[in-house]
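Everything below concerns the one structure shown next.
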Amino acid sequence: MDWPFLTRTAGELLCGVPLTLRLAGTALCIGFLLAASIAALAQSRHAPLRWSARIYVGLFQGTPLLVQIFIIYYGFGQVEFLRASILWPFLAQAYWCAILALSLNTSAYGAEIIRGAIAAVPRNEVEAARAMGMSGFLLQRRIIWPQALRHGLANYGNEANLLLKATSLASVITLMDVTGIAYRLVAKTYRSEEIFTIAGMIYLCLAFVIAVCVHMLERYLRPGGRV
Amino acid sequence: MQPAQSPPMPSGPAPSVITAQKLTKRYGALEVLRGVDLEAHEGEVISILGASGSGKSTFLRCLNLLEVPTSGDLTVLGERVRFRPKGDGLRIADHGQVNRLRSQVGMVFQNFCLWSHRTVLQNVMEAPIHVQGRNRHEVRDEAEAALARVGMADRAGYYPSQLSGGQQQRVAIARAIVMQPRVLLFDEPTSALDPELVGEVLKVMHDLAAEGRTMLIVTHEMAFARDVSSRIVFLEQGRVRAQGTPQALFRGGMDERFDQFVSHFMRQG
Ligand SMILES: Nc1ncnc2c1ncn2[C@@H]1O[C@H](COP(=O)(O)OP(=O)(O)OP(=O)(O)O)[C@@H](O)[C@H]1O
Ligand SMILES: [Mg+2]
C-alpha cells in the first residue's frame with residue numbers, strides 16, 4: 001500500500017466535501033420548500049392544480065437527473081429570453097445550474113413523501129379536532145403537520161441520503177466536488193481504484209452522519225421518546 | 001322556527017339546545033336518514049337506540065356537522081345553522097359559525113380519537129387554548145380538574161398509546177368537558193372497550209348526567225339507557241320509530257319493534 005499517496009489523495013478529496021455538502025444542503029432546503037408547495041397543490045380542491053402537481057412529479061421522477069442537469073446547463077443557454085432575464089447571472093454558473101437541477105429533482109420525490117406522510121395522519125384524529133372547532137391552518141399546524149413530520153421523517157432522511165450521492169453528478173458540469181476532484185486526480189495519476197475507493201468512503205461517512213442525525217431527530221420526535 | 005330565547009318559565013319547558021327538523025341524509029342512492037325530528041332541551045339526557053345501520057351515528061354526526069344533511073333544518077344553541085344548496089343536497093354556508101358551534105358541542109367517539117402525538121394533559125389543554133383562546137395557566141388548572149373528575153389525574157404525562165381503552169375514553173371525556181360545552185354527544189362510547197372496562201366509562205357518564213348536563217348518547221348499553229336517560233329515542237331505518245321516557249318504553253307494549261329490539265339485546269346478554 002502506498003500510504004503517502006493515499007493520505008495525500010484523501011486530503012485533496014476532502015477539499016471537495018464543503019462543496020458537496022453545500023450542494024446537498026442547499027438543494028435539500030430549496031427542494032423541501034418546493035416539495036411542500038407541490039404537496040399542497042396535490043391536495044388542492046381544484047382539479048387543474050392537482051393535475052399540474054402530478055405532471056410536475058411525473059416529469060422529474062420520469063427522467064434521469066443527469067439529463068435534467070444537461071438540459072439546464074447546456075439547454076437553457078440556447079433560450080433567448082433566459083439569456084436576457086435577470087436569472088441569467090445565476091443560470092450561467094454551473095454551480096447554480098446544479099443546485100437548480102438537484103432542487104427540482106428532489107422536490108418531486110419530496111412532494112410524494114410529504115403527500116404520503118399527510119395521508120398517514122389518522123383520519124379520526126383529524127375528525128376529533130374538527131369536532132372541537134379546529135379547521136384550516138390551525139388544524140394543519142397543531143394536528144396534521146406534527147404527525148406528518150414524524151411519519152415522513154425517515155423517508156425524507158432517505159431522500160437526503162440519495163440527494164447527497166446525487167450531487168456527484170454535478171461533477172460532469174465542471175464542479176469540483178468530491179467526485180469532481182476524484183476525476184481530476186484520476187486523469188493526472190491513472191490510479192482510479194484507489195482514488196474512487198477513497199471518494200466512496202468519504203460519501204459513506206457523510207451518509208452515516210446524515211443517518212445518525214435523522215435517527216436522533218426521529219427519537220426526539222417520537223411520542224414519549226423525550227425522556 | 002324561532003330559537004327559544006325567552007328565559008325558562010318555571011312552568012314552561014327548558015330551552016331547546018338542539019332542534020333537528022326533517023333531517024335527511026343520503027349517500028348516493030342510500031337513504032340513511034329519512035326525516036328525523038328531534039328537540040333536545042337543556043338538562044335532558046337522550047339515549048338514541050336502534051339496530052346497526054339504522055342511522056344513529058349519521059344522525060349524531062349531523063348535529064355537529066361532521067356530516068352535512070341532505071335536507072332539513074338544524075338549530076344548535078339557538079342558532080340556525082346556515083346551509084346553501086349544492087346539487088341536490090346542502091353545503092355549509094358559514095364555516096365560522098360551524099366552528100363556533102362545534103366548540104360548544106362536545107363529542108366523544110367510539111374510538112376515543114385522542115391525538116396520539118400529545119400527552120393526556122396536552123390533549124385536554126389543546127382546544128381551550130387554541131380554539132377558545134383561553135389563558136394557558138387557567139386552562140391548565142381546569143384541565144387538571146377535568147382529568148381528576150374522570151379519575152385520570154395521575155396519568156397526565158402519559159401518551160394515549162400507553163393507556164387502556166377505558167382510560168383513553170375517560171381522557172376523551174375530559175377533553176370534551178374542559179371546553180365547557182352546552183351539550184355532549186356520545187357515539188357508542190363503550191362499544192370499543194373490553195367488557196371489564198365498560199363500567200368505568202359508564203360511571204363517568206352517569207356522574208355527568210347527574211350534574212344536569214345535556215347529553216345525547218348513542219349506545220347499545222340497554223341498562224344504562226334505561227337507568228340514566230330522561231328520554232329514549234328509537235331509530236329504525238332512518239326514522240324515529242318511537243320515543244318516550246325509559247319507563248314508558250321499557251315497560252313494553254308501547255312499540256312492538258322496540259320490544260323486539262330490546263328482547264333481542266337481552267337475549268344476547
Ligand atoms: N360515509 C358513508 N358513505 C356511505 N354510506 C355510509 C357512510 N356512512 C354511513 N353509511 C351507511 O349509512 C348507514 C347508517 O350508518 P350509521 O353509521 O349511521 O348506522 P348506525 O346506526 O350508527 O349503526 P351502528 O350501530 O352499526 O354504528 C349504513 O348502512 C352505512 O353503511
Ligand atoms: Mg354507529
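Below, read A as the first sequence line, B as the second, and so on, with proteins coming before strands; counting in each chain starts at 1.
- Within the 4.5 angstrom heavy-atom criterion, no atom of B:Val98 approaches chain A.
- Within 6.0 Å of CZ on A:Arg54 lie no more than 12 heavy atoms contributed by other residues, nucleotides or ligands.
- Heavy-atom pairs under 4.5 Å with chain A were tallied for B:Met179, B:Met107, B:Glu126; the largest tally goes to B:Glu126.
- Within the 4.5 angstrom heavy-atom criterion, only side-chain atoms of B:Arg118, from C-beta onward, approach chain A.
- Few gaps surround OH on A:Tyr203; more than 12 heavy atoms of other groups in view lie less than 6.0 Å from it.
- At least one donor-acceptor pair closer than 3.5 Å links the side chain of B:Gln122 to the backbone N or O of B:Thr119.
- Counting heavy-atom pairs closer than 4.5 Å to chain B, the top residue among A:Ala129, A:Gly136, A:Gly133 is A:Gly133.
- Checked against the 6.0 Å centroid threshold, A:Trp145 and A:Phe137 count as a close aromatic pair.
- In this structure, the portion of B:Leu114 lying under 4.5 Å from any heavy atom of chain A is its backbone and not its side chain.
- At a 4.5 Å heavy-atom cutoff, the contact between A:Ile143 and chain B is made by backbone and side-chain atoms alike.
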Checklist entry - Stepwise, does the salt bridge (Lys or Arg N to Asp or Glu O under 4.0 Å) test hold for B:Glu142 with B:Arg134? => result CA-CA 11 Å; B:Glu142 287 177 30; B:Arg134 277 150 65 188; 2.2 Å; yes
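- Considering only heavy-atom pairs separated by less than 4.5 Å from chain A, the leading option among B:Arg175, B:Arg100, B:Gln132 is B:Arg175.
- Not less than 6.0 angstrom separates the ring centroid of A:Tyr109 from the ring centroid of A:Phe60.
- Proximity to chain A involves both the backbone and the side chain of B:Ser116, based on heavy atoms less than 4.5 angstrom apart.
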